[in-house]
Amino acid sequence: MRNPNPSSRTLVASIIVLSVAGLAGLVGFLPTRSGAAEGDVAETWAGTCASCHGAKLTGGQAKSLLDDEWSFGGDDTNLAESIRNGREDAGMPPFGGSLSEEEIRALVIFIREQRKAYERDQTTFAAPEGDTVVESEKHAFRVETVVDGLEIPWSIAFLPDGRMLVTEKAGRLRVVEEGRLAPQPIVGTPEVWSEGQGGLLDVAVHPAYEKTGWVYLSFSDPGKDDTAMTAVVRGRIRDGKWVDEETLFRAPAELYLKGRVHFGSRFVFDGKGYLFFTIGERGHQDHAQDVTRPNGKVHRIHDDGRIPEDNPFADQKGAIPSIWSYGHRNPQGLARDPLTGDLYDAEHGPRGGDELNIVEPGRNYGWPIITYGMNYDGTPITNLTAKEGMEQPVVHWTPSLAVCAIDFYVGDRFPGWRNDLFLSSLAAEELVRLEIEDRKVVHQEVLFKGIGRVRDVVSGPDGYLYVSLEPGRIARLVPAVGAVETR
Ligand code: HEC
C-alpha cells in the first residue's frame with residue numbers, strides 16, 4: 001500500500017482493504033455481463049452447496065470460500081477434487097456421482113468469479129477526472145483529454161507529421177491535427193457492415209509511410225444476405241479523400257457469416273515486411289479449429305497482401321493460406337514485444353477465461369476445446385483447460401475483464417514503464433500495466449478503472465500513452481508532478 005490517506009486530488013491506483021468485519025455486507029454477486037441471465041451454475045450452487053457454504057459463499061455450517069484460505073489446496077485441480085471426491089473426514093460430501101465433470105468445472109469457475117468480485121468490492125481504484133493526479137506504483141500521471149465528441153473510437157494511429165488517425169466503428173476515418181478533430185471524415189473509405197460488434201475496426205500506418213503513403217484499414221465487410229467477414233485494405237489519404245485502394249485480404253464469399261459478434265481485429269507490422277492481423281470466430285466457436293475458414297485465426301501476409309510461401313498452412317489443400325495460428329476466440333489485441341520480437345495476442349474470452357497468448361506459427365490455441373471460461377448463462381463449455389497439442393495462455397482472467405487492445409510502451413516520458421505491456425478492457429473499464437519477464441507476466445497493476453470502456457491503447461510517438469475511451473474520447477496519460485522514478 002503506497003499511500004493509505006490520499007489527498008482529495010491524489011488517488012492511489014489501487015488500495016486493497018481486506019477486512020473480515022463487515023464482510024457479509026460487502027459481498028455482492030458478480031453481475032453477469034451484458035445482462036445475461038443467472039444460469040445453471042448459480043442454480044447448482046443454490047440447490048447443492050449454499051446450505052453449508054452460504055448463499056453468497058461467505059460460509060455458514062461450512063467455511064467461507066471467499067477468503068482465499070484453503071485447507072485442501074487452492075488451485076483448480078484441488079478445488080475440483082474437493083467437489084468431486086469430497087473431504088469426508090472434514091464433513092464435505094462427494095458430488096462426483098451427481099455432478100458431471102463439466103458442472104464441477106463450472107463450479108470452480110464460479111468460486112473464482114465470486115472470490116474476485118469480493119476482492120474487487122474491497123479495492124479502491126483510481127477513476128481520474130479533470131486534473132486529478134494518480135499516484136501509481138512507478139509514476140504519477142494525469143489523464144488528459146486530447147479530443148472528445150467521437151462516436152465509439154475503435155483505433156488510433158499516428159502519421160509521422162504528428163497527425164492522429166482515428167476509426168469510428170460506424171464507418172468513419174477521422175483526422176486529429178494539433179488537438180482538433182477535422183470536421184469532415186475522410187471521404188471514400190470502404191462501406192462497412194456496422195451492426196453489433198462490426199464496423200470500421202483497426203487503422204495502421206505503414207512503417208515506411210513517408211515513402212509509401214500507405215494506410216491500412218480492417219473492417220466488417222458486408223456480404224450477401226446480411227452476412228459479413230473481416231477484410232483488410234490499404235489506401236492513401238490525399239486532399240481529404242481515400243484513394244488508390246487495394247484489397248489485401250477478403251475471404252471467399254461463401255465463407256461470409258451472419259451474426260453480429262467477434263470480428264477481431266488488430267494489425268501488427270513486424271518490421272520485416274509482414275503484416276499480422278486477427279479475425280474473431282464470428283460466434284461460430286467450432287470454426288476456430290477449422291483451417292479452411294478464416295475466422296478464429298491470426299493471419300500473416302506480406303504488406304502488399306501476397307501470401308508468404310513459408311506460412312504454416314500455405315501448402316495445405318483447402319486451408320486459408322494466410323493463417324498463422326488458430327483456435328482463437330476473439331483476439332482484439334495484438335502487439336510485438338520490442339525487446340524479443342514475440343507476438344502477443346489478447347483474447348476476449350467467454351464468461352471467464354480472457355487470455356493473453358504468445359502467438360507462434362501453426363499452433364493451436366485451443367478454443368473451444370480447452371478454455372478457462374464457461375458460457376455467459378453459467379452452463380459449462382468443457383471441463384478441459386489443457387490438452388496435448390494445444391497452447392496454454394501466458395495469463396488468463398476470471399472473471400473476464402473483456403480484454404481489448406494491447407501495446408508495449410516504448411516512449412521515454414515514463415521510464416519505469418518502458419517495455420511494459422498495457423492492456424485495455426471494455427466491460428471492466430480498466431487500463432492494466434503488465435510486467436513481462438521471460439515470456440511470463442510477473443506483475444499486474446490496474447492504472448485506472450471506471451472512466452469508460454477502454455478500446456484502444458497506443459504508445460504514442462511523442463512518448464505519451466494514448467487511450468480511446470467510450471463513448472467518444474481520446475485521452476493520454478501525461479506525467480504529473482511527483483513522478484517517482486525507479487529502476
Ligand atoms: C453438508 C455440507 C456441505 C455441502 C452441501 C457442501 N460442502 Fe463443501 N465443504 C463442507 C465442509 C464441512 C468442508 C470442509 C471445510 C470446512 O471446514 O468447512 C467443505 C469443503 C469444501 C471445499 C474445500 C475447501 C478448502 O478449504 O480446501 C470446497 C472447494 C467445497 N467444499 C465446495 C463445495 C461445493 C462446490 C459444494 C456444492 C457442490 C459444496 N462444497 C457442498 C461442507 C459442505
Side-chain angles (χ1 to χ4, degrees), residues 16-33 36-123 349-355 368 370-387 392-393 395-400:
I16 299 187
V17 193
L18 277 176
S19 72
V20 181
L23 172 155
L26 282 168
V27 175
F29 267 66
L30 181 80
T32 46
R33 269 225 311 272
E38 284 283 16
D40 282 3
V41 74
E43 279 165 32
T44 310
W45 179 269
T48 320
C49 323
S51 57
C52 291
H53 292 284
K56 298 194 168 181
L57 288 67
T58 50
Q61 281 185 50
K63 66 184 293 181
S64 161
L65 298 180
L66 298 178
D67 55 11
D68 210 24
E69 282 170 27
W70 303 99
S71 313
F72 305 101
D75 66 27
D76 283 11
T77 315
N78 302 134
L79 263 61
E81 218 165 272
S82 292
I83 302 168
R84 184 189 305 114
N85 303 331
R87 305 288 183 186
E88 293 195 72
D89 289 348
M92 166 72 185
F95 292 95
S98 53
L99 298 174
S100 69
E101 278 303 308
E102 288 79 6
E103 287 170 313
I104 291 171
R105 175 66 202 155
L107 279 165
V108 172
I109 299 171
F110 183 73
I111 293 169
R112 297 279 183 230
E113 254 185 11
Q114 302 306 316
R115 150 80 196 157
K116 204 71 193 168
Y118 162 71
E119 185 186 294
R120 278 186 195 187
D121 273 353
Q122 304 185 48
T123 307
R351 178 168 161 192
D354 283 359
E355 296 183 359
I370 58 172
T371 173
Y372 286 89
M374 60 183 161
N375 289 313
Y376 289 122
D377 66 2
T379 55
I381 296 169
T382 168
N383 60 316
L384 298 182
T385 54
K387 198 172 178 186
Q392 282 294 302
V395 61
H396 60 91
W397 290 272
T398 300
S400 305

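Remember, it's 1-based here, ligands and their atoms both numbered in the order they're listed.
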Subject >> Residues Arg105 and Glu102 bridged, charged N to O under 4.0 Å >> reply: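 No, no charged N to carboxylate O under 4.0 Å.
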
**OP:** Verify the neighbour count for atom NZ of Lys116: are there more than 12 heavy atoms of other residues, nucleotides or ligands below 6.0 Å?
**Re:**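 At most 12 heavy atoms, drawn from other residues, nucleotides or ligands, come within 6.0 Å of this atom.
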
Original post:
Can Ile83 and Val108 be said to form a side chain to side chain contact (heavy atoms under 4.5 Å, CB included), step by step?
Top reply: CA-CA 9 Å; Ile83 302 168; Val108 172; 4.2 Å; yes

Ligand 1: protein N/O within less than 3.5 Å of ligand N/O:
from, atom 1, to, atom 2, distance (Å)
ligand 1, 7 (N), His53, NE2, 2.9
ligand 1, 9 (N), His53, NE2, 2.9
ligand 1, 18 (O), Lys63, N, 2.9
ligand 1, 26 (O), Lys63, NZ, 2.6
ligand 1, 26 (O), Ser71, N, 2.7
ligand 1, 26 (O), Ser71, OG, 3.4
ligand 1, 27 (O), Ser71, N, 3.3
ligand 1, 27 (O), Phe72, N, 2.9
ligand 1, 31 (N), His53, NE2, 2.9
ligand 1, 40 (N), His53, NE2, 2.8

Original post:
Are any non-hydrogen side-chain atoms of Thr382 and Thr371 less than 4.5 angstrom apart?
Top reply: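 Touching, per the 4.5 Å side-chain cut-off.
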
Subject >> Sequence-distant partners of Asn85, side chain to side chain contact (heavy atoms under 4.5 Å, CB included), two or more places apart >> reply: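 Glu81.
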
Original post:
Checking side-chain hydrogen bond (donor to acceptor under 3.5 Å, both in side chains) for the pair Gln122/Tyr118: CA distance, chi angles, key distance, verdict?
Top reply: CA-CA 7 Å; Gln122 304 185 48; Tyr118 162 71; 3.1 Å; yes

